[in-house]
Protein chains: 2
Amino acid sequence: MTVKKTARTEANAPEPVASDDRPVEARIRAVFDGLTASEKRLAEVVIDSQGDLAAFRAGELADRAGVSAATAARFFRRLGYENYDEARRAARTERNWGSPLYELTGIGERRLAAGDFGLHIAQDLQNLARTAEMMNPAALASAIDILVAARRLWIVGFRNSAALASYARGLLVHVKADVRLVPIAGQTLAEDLVGLRPDDAILVIGFRRRPSILREILALAGEAGARSVLIADLTADRTARLATVVLRCHNRGHSLFDSYAAPMSVLNHLCSAVGLALGEEAVNRLTEIERLHERLDPLDVGPVRRPAARRATSKWADAEK
Amino acid sequence: MTVKKTARTEANAPEPVASDDRPVEARIRAVFDGLTASEKRLAEVVIDSQGDLAAFRAGELADRAGVSAATAARFFRRLGYENYDEARRAARTERNWGSPLYELTGIGERRLAAGDFGLHIAQDLQNLARTAEMMNPAALASAIDILVAARRLWIVGFRNSAALASYARGLLVHVKADVRLVPIAGQTLAEDLVGLRPDDAILVIGFRRRPSILREILALAGEAGARSVLIADLTADRTARLATVVLRCHNRGHSLFDSYAAPMSVLNHLCSAVGLALGEEAVNRLTEIERLHERLDPLDVGPVRRPAARRATSKWADAEK
DNA sequence: GTCGAAATGAAAGGTTTCTTTCATCAGATG
DNA sequence: CATCTGATGAAAGAAACCTTTCATTTCGAC
């Protein structure tokens, strides 16, 4: 076999960098664009393993990615490791030594991308963590209940909250009928919200700055007997009093703009919970559709050629089931 | 004190309890007093591994404890596992289920809301952290530069990405002129994107599932000489090749839907950075306006009473600015 | 259409790891 | 002291794993 140019054969591994102690993720990023489709799937699996890489065997990773063990072996060599065992060892020490998120939340460690961006992310990590800490489980459950029980559902969001409202609606239409967005361009609120009834509900995204109309909408719903869920920042006060349930999110921004990472996360959870509560059947059907789509859709990674499950009797085949 | 010890030979393992799902530590505590000296040392090593048990081989644990591999094999059987591999698998799932991520995040013991929501938030913390770890500073700087230098800027987002695109646009219009959203309902793309020039740029939000039109748009921009920034998940491949700069976000969702907390955060940072780079004057002026607004606007927080509390007729029409 | 390069999985090969057997050793008991 | 019980490691044996080879497939170029 004549090895020339950049052909990648088994015999010609990239020259090993002397004492390369970059974490696995960094290595992946460094070569990601040059990876093959199979390898990219592997990369995803590895990253998804959330730092638990060392807990897996190469073959397991391969199975999860739907590729052969051989490809896995090649993959880790490509990442600059001598072999999988070295990768595993490295991952293990990374875990204990460098990478607990712990350090990330304690602002300003060097693991994050340098500079402003690191600070920014640290801020959002805090926003998420704080939001989670102060979330009232009862309120959350109640909110889910309201959305589940609603016959018709309006989602309201102005200004900064409009994008969030749109997002929420995009999720909820997957699991529920009769979900409407307010305001719709070109319509007046009167048209939008006509005929609110006691078995309807509204989901209000109310981050500052809240136009006063927001309170009027909430009051209107209250008068109509409809229940309301408000998602808002900590400054909401008068508005909050008008809602049946309030879920608060930390949204302090590190720089010019407020952050909506935590609201996004809360909305995601809320909609998932509603979907699950609405019956697994409906959801299963929908996720099934989703998966079907993914299979039919090129998905941008290229055709997924699954090798017939490597070994049906494999011990780990049922690990996650 | 003669304890009547049950003979323990290889052949006579304790009868396996049907589906014993106690964590490893609990098992150890349950039998600790009955362990031999070697086994106690092993037990200590296992506990010291802090849940990373799955990352070690039986032999390694034995080495650390200063005992033979044979003793290790016996030890795990004594803990009620069929063999070491079963123990390893159990430890791994414990990690994901029993002692969830948020203990790793250093937010502290028990402070996150319990249950599913905690797991959900933990997932998003991971998404954020991993996005930060993996972010290429050079790419980020380049993306900022492209957006700053753009004479006209289009923001593109379909499906799931539409809300994000809308959000990005909402931020960017604050700091830049000539920022347009694509697609706009009722217009064809041809109308939207007509006349792209080399000094224009497009910001593409491209999370899966990506319609093929996305690639066409990127190709179009490339042919026109306009630079492009793509924000996408890890599966973007063919699409990514068409963009000038790619910023990748982790968006794995804990439940039904993908998460967009990290993209939200990245967009926020990106827009802030663009704003800052565009000159402090402009930004200062804008933030000044912002603060002024806050002072004049009741903001829902203070006892400030609006003179005319009911001028709702047209007030919320200014939602965009 | 043909050719070649690249990618990939099946299978073989070689290595490591886990388990069991077995002999030794330590401590208790009579 | 002799004997017995149980713990323990060495080593053999078995099983699982990782790597490499090699044939096949895919994809693009000509």
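Residue numbers begin at 1 in each chain, while the letters A, B, ... track the order of the sequences.
- The CZ atom of Phe76(B) sits 12 Å away from the C1' atom of dC18(C) (whole-angstrom rounding).
- Regarding Phe75(A), its CZ atom lies at a distance of 13 Å from the P atom of dT19(D), rounded to whole Å.
- Arg92(B) forms a cation-pi arrangement with Phe56(A), by the criterion of a distance under 6.0 Å to the ring centre and an angle within 45° of the ring axis.
- At dT8(D), one or more side-chain N or O atoms of Thr36(B) fall inside 4.0 Å of OP1 or OP2 (strictly under the cut-off).
- If you measure from atom CZ of Phe56(B) to atom C1' of dT16(C), you get 18 Å, rounded to the nearest angstrom.
- At least one side-chain nitrogen or oxygen of Arg77(B) sits closer than 4.0 Å to the OP1 or OP2 atom of dT20(C).
- Nearest to the side-chain atoms of Ser68(A) among the listed nucleotides dG9(C), dT21(C), dT19(D) stands dG9(C).
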When you look at Lys40(A) and Phe32(A), which way does the side-chain contact (heavy atoms from CB on, under 4.5 Å) test go after all the steps? CA-CA 7 Å; Lys40(A) 280 191 175 126; Phe32(A) 192 88; 3.4 Å; yes
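- A distance of 14.0 Å separates CD of Glu44(A) from CD of Glu39(A), quoted to the nearest 0.5 Å.
- For Ala70(B), whose side chain is taken as the heavy atoms from C-beta onward, the closest listed nucleotide among dT8(D), dA10(D), dT8(C) is dA10(D).
- Distance, Asp63(B) CG to dT17(C) P: 10 Å, rounded to whole Å.
- Nucleotide dA16(D) holds its C1' atom 16 Å from the CD atom of Glu82(B), rounded to whole Å.
- Closest approach to the Ser38(A) side chain among dT8(C), dG9(D), dC18(D) is made by dT8(C) (side chain taken as heavy atoms from C-beta onward).
- In this structure, the CZ atom of Arg78(A) is 16 Å from the C1' atom of dT19(D), given to the nearest Å.
- Considering only side-chain atoms of Tyr84(B), the nucleotide from dA7(D), dC18(C), dT19(D) that sits closest is dC18(C).
- Remark: P of dT19(C) and CG of Leu79(B) are 13 Å apart, rounded to the nearest angstrom.
- Each of Arg88(B), Arg27(B), Arg89(B) was scored for a side-chain hydrogen bond (donor to acceptor under 3.5 Å, both in side chains) with Tyr81(B), with one residue passing: Arg27(B).
- Closest to the side chain of Thr71(B), from the set dT19(D), dT19(C), dG9(D), is dG9(D).
- A 4.5 Å side-chain heavy-atom check between Leu42(B) and Arg64(B) finds every atom pair outside the cut-off.
- Comparing atom distances between the Asn83(B) side chain and each of dT8(D), dT19(C), dT21(D) picks out dT19(C) as nearest.
- Between Arg74(B) and the phosphate of dC18(C), there is no side-chain N or O to OP1/OP2 separation shorter than 4.0 Å.
- Computed from coordinates, the Glu86(A) CD to dT19(D) C1' distance equals 15 Å when rounded to whole Å.
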